[in-house]
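The block underneath contains the structure these notes are about, expressed in C-alpha cells.
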Amino acid sequence: TWHFNLGSDVTLNGFEVYNRWGNLIKKLEIDNSNYILWDGRTTSGEPCSDGIYFYVLKYTDAKGEVQNKKGYISLFR
C-alpha cells in the first residue's frame with residue numbers, strides 16, 4: 001500500500017495513476033482528508049502488475065493556487 005501526505009496547509013483535489021502506455025488505471029477523488037492511499041489496484045479492483053507507474057497529484061496550495069505534482073511509483077508484489 002502506498003500513501004502520500006502533503007501536510008495540513010494544502011487541500012488535495014485528486015490523484016491519478018497511469019500505466020507505462022499512458023492509460024489511466026486509477027483515479028481517486030479526495031474526501032476532506034490530506035491523505036492518499038493506493039492499494040496497487042485499478043479503479044475496477046484488478047491488481048496491477050509489478051512495474052513503474054506515473055502519478056499526478058492535484059492539490060490547492062496554501063496560497064490558493066491549484067498545483068499538480070507528478071512522479072513515479074514502483075509497485076512490487
List the steps, then state whether side chain to side chain contact (heavy atoms under 4.5 Å, CB included) holds for Val56 with Phe15. CA-CA 6 Å; Val56 178; Phe15 179 72; over 6 Å; no
Treating Ile, Leu, Val, Met, Phe, Trp and Tyr as nodes and any side-chain heavy-atom pair under 4.5 angstrom as an edge, say whether Leu28 and Val66 lie in one connected cluster. no
Correct closest heavy-atom pair for Ile25 and Cys48 would be CD1-SG, 3.6 Å
Partners of [X] by side chain to side chain donor-acceptor pair (under 3.5 Å), sequence neighbours excluded?
{"X": "Asn13", "result": "Thr60"}
{"X": "Lys58", "result": "Glu16"}
{"X": "Asn19", "result": "none"}
{"X": "Ser44", "result": "Thr42"}

Are [X] and [Y] packed together at the side-chain level, in the sense that at least one heavy-atom pair is separated by less than 4.5 angstrom?
{"X": "Tyr55", "Y": "Trp38", "answer": "no"}
{"X": "Thr11", "Y": "Tyr59", "answer": "no"}
{"X": "Asn68", "Y": "Leu57", "answer": "no"}

Counterpart residues, ring pair (Phe, Tyr, Trp, His ring centres under 6.0 Å), relative to Phe54 (two or more places apart): Tyr72
Listed by chain and number, what are the side-chain contact (heavy atoms from CB on, under 4.5 Å) partners of Asp50, not counting sequence neighbours? Arg77
What distance separates Asp39 CG from Lys26 NZ, expressed to the nearest 0.5 Å? 5.5 Å
Any chance you could measure Asn23, atom CG, to Tyr18, atom OH, to the nearest 0.5 Å? 10.0 Å
